[in-house]
Chemist: 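This is the structure I want to talk about, given as structure tokens.
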Protein chains: 2
Amino acid sequence: MRRMTARPANAHQARLLTLLRDGGPNSRAQLGDQVDLSRSKLAVEVDRLLETGLVVADGLAASRGGRRSHNIRLAPGLRFLGVDIGATSVDVAVTNAELEILGHLNQPMDVREGPVAVFEQVLSMAAKLRASGLAEGFDGAGIGVPGPVRFPEGVPVAPPIMPGWDGFPVREALSQELGCPVMVDNDVNLMAMGEQHAGVARSVDDFLCVKIGTGIGCGIVVGGQVHRGATGSAGDIGHIQAVPDGRPCACGNRGCLEAHFSGAALARDAQEAAQQGQSEELAGRLAAHGTLTASDVAAAAVAGDATALGLIREGGNHTGQVIAGLVSFFNPGLVVIGGGVTGLGHTLLAAIRTQVYRQSLPLATGNLPIVLGELGPSAGVIGAARLISDHLFSPA
Amino acid sequence: MRRMTARPANAHQARLLTLLRDGGPNSRAQLGDQVDLSRSKLAVEVDRLLETGLVVADGLAASRGGRRSHNIRLAPGLRFLGVDIGATSVDVAVTNAELEILGHLNQPMDVREGPVAVFEQVLSMAAKLRASGLAEGFDGAGIGVPGPVRFPEGVPVAPPIMPGWDGFPVREALSQELGCPVMVDNDVNLMAMGEQHAGVARSVDDFLCVKIGTGIGCGIVVGGQVHRGATGSAGDIGHIQAVPDGRPCACGNRGCLEAHFSGAALARDAQEAAQQGQSEELAGRLAAHGTLTASDVAAAAVAGDATALGLIREGGNHTGQVIAGLVSFFNPGLVVIGGGVTGLGHTLLAAIRTQVYRQSLPLATGNLPIVLGELGPSAGVIGAARLISDHLFSPA
DNA sequence: CGACTTTCTCCTTTCACAGGACAAAGGGCG
DNA sequence: CGCCCTTTGTCCTGTGAAAGGAGAAAGTCG
């Protein structure tokens with residue numbers, strides 16, 4: 001079955017599709033209010049979109065005191081696939097054209113097993129979603145990987161935690177398998193786009209989105225657009241020095257932020273503390289699970305464990321210190337904290353806030369909200385769907 | 001005398017003006033090659049520009065084997081004023097429409113004397129330039145101030161080193177005095193624009209421009225545009241922590257980069273070293289001048305003084321460490337080092353490069369030039385002229 | 001049932017633009 | 001010197017984009 005064969009023919013059509021995506025069904029009159037075109041021209045463009053099948057007119061809206069309007073909406077059968085590959089798990093979701101999640105799967109996975117194995121898993125998850133009746137096929141897919149990406153080609157480059165992925169043609173391969181257009185980006189950038197589209201960063205044009213998972217990264221949005229940098233490695237803040245002559249890091253340096261705080265570092269520190277008898281709470285969890293993760297630390301912190309709280313606070317201090325520097329440099333309008341460790345919640349947030357508000361200048365922090373992301377694990381897949389829809393809803 | 005009464009009426013005219021500004025005189029045919037318009041449409045727009053007087057046709061070019069072409073150029077009488085207010089001196093220059101400097105004055109000044117006194121000085125310098133026959137009047141002026149600016153209004157906000165300037169309507173006041181449009185920006189941003197227009201950053205779209213003068217700042221260019229941040233304080237890297245629990249800074253924190261390295265810090269450190277008898281070279285200069293400046297340290301370094309070299313190297317290390325973090329975060333395609341301390345030259349540059357190449361990941365540094373600015377004190381005034389010409393050469 | 005609103009369609013006019021024909025102005029060559 | 005070629009610039013016409021008004025369609029309210 002061939003799907004979404006058409007693309008918007010001009011900027012007006014692209015704008016209309018975007019409005020319908022972000023604002024849901026609209027009458028022609030409502031669209032006209034937002035688009036600065038005459039009614040006649042608007043009608044022409046809407047008609048052309050109707051002809052292509054990208055949008056449909058279904059039903060009449062209730063009258064608002066005059067003639068009833070036709071509901072114009074994006075084709076209800078459009079389906080996007082959002083894939084968010086993390087270091088230790090993968091999220092796959094199906095959305096409609098409005099980027100609402102219709103179905104979402106999460107499975108553990110090890111990205112180090114390489115692209116072939118991971119692809120197999122992703123494809124089987126996508127097949128499962130399709131089999132459940134949520135989609136007959138996909139009109140496009142967005143995929144995020146935990147490393148730098150040469151964006152135009154959709155190819156990972158020199159990814160530190162993904163041996164075997166370097167140069168693998170993710171975009172081309174996935175496009176072949178799924179039979180639809182695919183866009184690839186860094187997972188952190190997708191999280192930022194997700195929070196921008198449907199989360200705390202709605203209508204914010206300049207913000208930072210710090211993702212603390214197995215590693216640490218930062219999505220940078222400038223003027224509403226993701227900044228990817230000269231080689232696609234922008235936002236790679238995990239290897240900024242947080243502690244002079246600090247702990248050795250896998251990258252060869254010492255004192256990198258990631259060596260002192262991240263999901264992996266936190267688990268390791270907690271395990272050490274448990275083994276050294278510093279915390280009964282953590283020791284109990286270690287005995288129960290055999291190994292500790294960031295979630296165990298989060299649970300221990302909720303239970304009031306002082307050691308867990310101390311680890312979180314210390315990590316937050318280091319993170320906050322780095323973020324303080326970024327805030328001085330970039331002067332964002334908002335800082336979003338997200339990723340796997342959002343479970344650490346307000347202990348972490350408080351530590352970060354303290355450092356940033358203390359170290360950055362008042363002009364930069366005066367009106368600066370520092371908040372947790374509100375989409376959780378959905379941010380990445382929504383961002384992925386957003387990525388491909390931005391691509392498909394732009395003039396061919 | 002009324003000047004430059006017209007503005008481009010549409011985007012085509014704006015594009016043409018910009019091409020003529022950056023590429024010098026051109027024939028209609030040459031313009032057509034760069035502008036993706038039909039010859040007929042191009043001729044219409046050029047004719048309209050000729051009518052407004054913004055451009056003139058003077059003389060015929062030599063034949064290239066066919067009919068001779070008319071030289072189209074920007075009106076030769078157009079004059080822009082570029083003003084660069086530093087902490088301790090002020091630069092004022094006149095440029096033609098192609099942003100070539102026709103005359104340039106530099107005078108010592110203390111920005112802390114407040115806007116009224118500084119304005120008086122700037123206006124008298126502008127008058128002197130005008131009196132020398134370089135300009136009959138100004139069609140626009142750009143001005144840079146050493147602190148954050150609310151860009152749309154052209155008003156400094158909370159400038160740390162400029163007491164008395166907070167909220168002073170620089171744009172409006174100067175526009176009134178000069179009788180022409182004025183744009184205001186941070187001095188560091190103007191330096192970045194200058195190097196982008198006529199210096200080392202030509203044709204680079206994403207780069208950082210670190211200005212080390214009395215203080216330290218960083219111009220951020222994203223996609224060819226200066227990034228000013230949510231409150232106009234983007235690039236304010238002088239108060240990023242470079243040394244944990246380091247020296248106290250005027251901002252109230254400890255270990256700020258600016259407290260450890262900047263023109264002011266360097267002079268202070270050199271003076272201390274001289275007084276403690278660590279360097280005969282510096283002590284001699286101190287005795288001769290009564291006080292030391294960064295230039296003295298530069299001269300001592302050139303003379304081979306180990307203490308001076310050590311100070312520069314140490315400062316470069318701190319600066320390089322901060323820049324390394326910014327490089328990881330922002331992934332620029334180029335880093336430009338400029339400002340008053342460029343006299344420190346390659347000793348400084350080497351220290352910075354060492355830190356950046358050592359601390360940032362290979363993907364970000366692999367293809368990253370770190371170079372000195374090539375315009376020196378002209379960068380700021382050229383950037384100022386560029387700022388106002390960008391404004392005037394955009395559709396009204 | 002008539003007055004008024006809101007939504008949508010159709011028609012005419014205006015404008016932007018491309019592209020070809022053509023004029024102007026030169027060079028090179030026999 | 002005449003002829004043909006190239007380059008540059010101008011003019012004209014056709015086409016499509018777009019605005020804006022008239023009016024039809026479909027409703028509400030008194």
Chemist: Quick check on DNA chain C: between B:S63 and B:R67, whose nearest nucleotide comes earlier from the 5' end?
Modeler: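 Of the two residues, B:R67 wins.
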Chemist: B:L60 CG to C:dG27 P: how many Å, rounded?
Modeler: 12 Å
Chemist: Look at A:E45 together with A:R48 and state whether they make a salt bridge at an N to O cut-off of under 4.0 Å.
Modeler: yes
Chemist: Can you tell me if the side-chain N/O atoms of B:R39 get under 4.0 Å from OP1 or OP2 in C:dG20?
Modeler: no
Chemist: Rounded to whole Å, please give me the gap between CD in A:Q30 and P in C:dT5.
Modeler: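 So the two atoms are 20 Å apart, to the nearest Å.
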Chemist: Given atom NZ of B:K41 and atom P of D:dC11, what is their separation to the nearest angstrom?
Modeler: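 One finds 15 Å between P of D:dC11 and NZ of B:K41, rounded.
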Chemist: If you draw the axis of the six-membered ring of A:F151, does the NZ or CZ of A:R228 fall within 45° of it and under 6.0 Å from the ring centre?
Modeler: yes
Chemist: Base, sugar-phosphate or nothing for B:S40? Non-hydrogen atoms, less than 4.0 Å.
Modeler: base
Chemist: Of the options B:R21, B:H197, B:E98, which is the one that meets B:S389 in a side-chain hydrogen bond (donor to acceptor under 3.5 Å, both in side chains)?
Modeler: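 Considering B:R21, B:H197, B:E98, a side-chain hydrogen bond (donor to acceptor under 3.5 Å, both in side chains) with B:S389 is found only for B:R21.
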Chemist: Check every atom of D:dA17, D:dT10, C:dG19 against the side chain of B:A43 and return the nucleotide holding the closest atom.
Modeler: D:dT10
Chemist: Would you mind telling me which residue lines up with the more 5' stretch of DNA chain D, A:E45 or B:G66, judged by nearest nucleotide?
Modeler: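 Looking at the nearest nucleotide for each, B:G66 comes out on the 5' side.
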Chemist: Give a yes/no answer on whether the side chain of A:R28 brings an N or O atom under 4.0 Å of OP1 or OP2 in C:dT6.
Modeler: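 Answer is no, no contact under 4.0 Å.
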